[in-house]
Amino acid sequence: MIPVRSQIIQLLADAVAPLLEAIEGATPAGLNIELDIPKAAQHGDYATNVAMSLTRQLKRNPREIAAQIIANLKDPEGIIGKVEIAGPGFINIFVQPRAWHGVLKDIYREPGTYGRQDIGAGKKVQVEFVSANPTGPLHIGHGRGAATGDVLARILMACGFQVEREYYINDAGNQMDTLGRSLYYRYQEVMGESIEFPDAHYQGEYMRDLARDFAQEVGRQYHRTPLEEVLPIFTRYAGDRILAGIRDDLNAFGVTIDHWFSEQSLHDADAVRKTMDELEARGYIYEEEGARWFRSTAFGDEKDRVVIRANGVSTYFASDLAYHKNKFSRGFDFVVDIWGADHHGYVERMLAGVEAMGRARSDLKIILVQLVNLLRGGAPVAMSTRSGEFVTLREVLDEVGKDACRFIFLTRRSDSQLDFDLDVAKMQSNDNPVYYVQYAHARLCSIFDVARERGIACGDSPDGPPCNLDRLVEGQELEIMKLLGEYPAVLANCASALQPHFIPYYLHELVSLFHSYYNRNRILGDDNELTQARLYLAGAVRQVIRNALELLGVGAPEKM
RNA sequence: GCGCCCGUAGCUCAGUUGGAUAGAGCGUCGGACUUCGAAUCCGCAGGCCGCAGGUUCGAAUCCUGCCGGGCGUACCA
C-alpha cells in the first residue's frame, strides 16, 4: 500500500460504499475517487469532490452527502487529522503530520524501485517509435520521437507493463532504389566521372562519405558498370550503413531498440497479400477503377483507401496493415505507435484497419509528436533530407549534450510544437532546467559526503528508523514528504495519458522545494537527533530524484 | 474548401477525464555566501487564459461560431 494518498482514497471509498448500496443500480466498483491537492493550504492537504459528483445518483445536496461520508469515515491508523466540508461540497482533508513518515519508510524499503507499481498487471505492450526511413541520418525531429518513445517505454515498464521497443524499417519501395542510385552516382564521381546528380535524390554530404567508404571497400570494380546490373548492391550497402548509423546515434542518445522490424520481411513472407485476403474475406476490400480499395469508411474514415494500385503494386498503407496485423499476432495487449505529427492524416485509416482486423480501436494508441523547429540564434534552420541541408541528431548531441537534449524534449507535451534554438540551449546551459535538477542531486550527494567525513551515522532503515522523525516539523519538511508521496501518482498519470512531461515538471517542483528548504535550514547541525532526521529526509529526496532521472534517461551526477 | 493540432505573463511552456484566489522557467529590477555546493535562495513587477455566445452550483478546461498559426488532404513513403 502506497502511503497516505492511496490510503485516504481507500478510506473514502469505504465511507462512500454504504451510501451507494442504499440505492438501486449503483455501482460502487466503478466509482473513481479523485483526490486533489488544493492550491490553498487552508483547504487541507487533500480535497475531494466525490460528494458533488454523487449528487445526481443520490439526489441529495452535496454538502449533505459530504456530511454523510465524513460520518462513515473510519481511520484506524490515525492518518487523518481533521476533515472539513467546504464551499459547495468539497471534503477537505488535513493529514496527521506523522502519517507522512510512511512515505519516507516506503522509499527506504525499496529505494531503487520506489514509484514502481503494477497497474499494467504484466500486460504485453509494444512501443514503436522513430522508424525513420533508412535513407539518411536521424535529425532533431527524430530525436524528439526517440526521447518520447523511449521514456514512454520506461514509464510503462515502471507501471507493470511488459514492454518491447520496436523500430519499423521502411526498407521496401522505390525510395530504397533512389537511395541506391544516389550512392551509385556519388560512387561514379569518386571514380572520377563528372556526372549531373539527378533531382529528387539524396544529395546530402553523408552520401559522398558513404561513396568514399564504398570505393575503399570495393575498389573500381563498378566503375561505369550499368546501373541496372548493380543497383541492389548499392542499395543494400547504403541501407545497411545508414541503418547502422541510426543505431549508433540512438545508442548515443540513450535509446536501445529491442526489435528491428523490416518492411521487406513482410513482403518476403507474402504477409501483405495474406492480410489483403483476410480483409477481403471480411468484406472490407473491393475493386474499382482497376485498383483495390480498403473500405475504411466503414469505421469512420472520410474516404476509402487504395491498397493495391491499378498497376498491381501494393501501397505503403497495405504494408502498414500487414505490419499491424503482425504486431497483434505477437500477443501484445495493445500497441503504441509514435508518429511525426505530419502523419496525422493517417491516423483514422490505421485505426480503421485495426478494427477491420477484429481488434478494438483502443488496442492501437497513436501518439503524435509535433515537429521541432530548429533555430540557431533565433533564425530557422532549413531542413530537408533530400537537399541534404539539415542538422543531424548527432550534431545536436555533440553541441548540446544528451541530458539537456532529452530534458528539453521531455519537458513539453509531445503534441505541441517545439522551438529548439541551438544557441539558446548552449548559452543557457547553466540555467537549463536539467542542470537545476542535477545540481540538487549533486548537492545532496555532497551533503552525505560531508556527513560521512564528520562521522554522522545516516539512518537508512525502513523499519523503526534510527532517528526520530517527529523532529521534522518544519512546514517545508512536511511538504517535501507529501510531494515525495505523490511520485507514484505522477508515474501513473504519465502511463495513462501516455505523456512523459509530468515527470520533468514534478522533478522541478520537488527540487525547487528542496533548494528552498536547504537555504533556510541546516541539515547538518549541532542537534544530532535533528540532523539524523533531516538526513533521512534528504536521502529520500535524493532517491526519488535518481529514480525519476533514471526514467527520463538523464544522468544523476554526484559532482558537477 | 474539408480535417487534425495549437492559441495561457515580454519570451518558452505547464495546467484541458469541469472545481475554490490561473502557475513555472527565462528575461527586467532589488536583496542573501566567515557556516552542508550561490549552477542556489528571497522579493517586486508582469494576465479580458485568441474573440463572441452557450451548457451549470462552478469553464483556461465541455459545445457552437469566428479570428490567427502549423500540419495534412496521393493509385508517395
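Keep in mind it's a predicted model, so treat the numbers as computed, not measured.
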Selection from [options] that lies nearest to any side-chain heavy atom of [X]:
{"X": "A:Met52", "options": "B:rA74, B:rG15, B:rG19", "value": "B:rG19"}
{"X": "A:Val450", "options": "B:rA77, B:rC6, B:rG37", "value": "B:rG37"}
{"X": "A:Thr315", "options": "B:rG19, B:rA77, B:rC36", "value": "B:rA77"}

Aro-ring/base stack A:His515-B:rA38, d under 5.5 Å, angle under 30°: no

Ring centroids of A:His43 and B:rA20 base under 5.5 Å with planes under 30°: yes

Give me the distance, rounded to whole Å, that separates [N] from [M] when you measure between the [atom1] atoms they each carry.
{"N": "B:rG10", "M": "B:rC49", "atom1": "P", "value": "12 Å"}
{"N": "B:rU8", "M": "B:rG50", "atom1": "C1'", "value": "10 Å"}
{"N": "B:rG70", "M": "B:rU28", "atom1": "C1'", "value": "31 Å"}
{"N": "B:rA14", "M": "B:rU55", "atom1": "C1'", "value": "27 Å"}
{"N": "B:rC51", "M": "B:rC67", "atom1": "P", "value": "15 Å"}

Parallel, tilted or perpendicular: ring planes of A:Tyr286 versus A:Trp293, cut at 30 and 60 degrees: parallel

Geometric class of the A:His501/A:Tyr505 ring pair [parallel <30°, tilted 30-60°, perpendicular >60°]: perpendicular

Distance in angstrom units between A:Asp342 CG and B:rC6 C1', rounded: 16 Å

Could one point to a donor on the side chain of [X] or the base of [N] with an acceptor on the other under 3.5 Å away?
{"X": "A:Asp171", "N": "B:rA77", "answer": "no"}
{"X": "A:Glu348", "N": "B:rU73", "answer": "no"}
{"X": "A:His344", "N": "B:rC71", "answer": "yes"}
{"X": "A:Asn49", "N": "B:rG19", "answer": "yes"}

A:Phe407 and A:Tyr435 aromatic centres sub-6.0 Å: no

Phosphate contact (B:rA24 OP1 or OP2) by A:Thr411 side-chain N/O below 4.0 Å: no

Geometric cation-pi criterion, A:Arg542 with A:Phe448: 6.0 Å, 45°: yes

At 4.0 Å (heavy atoms only), tell me whether [X] reaches a base, stays on the sugar-phosphate, or touches nothing.
{"X": "A:Ile523", "answer": "base"}
{"X": "A:Tyr436", "answer": "sugar-phosphate"}
{"X": "A:Ala538", "answer": "nothing"}
{"X": "A:Ala86", "answer": "base"}

Steps toward salt bridge (Lys or Arg N to Asp or Glu O under 4.0 Å) verdict (A:Arg376, A:Glu399): CA-CA 12 Å; A:Arg376 195 182 278 285; A:Glu399 206 169 323; 3.0 Å; yes

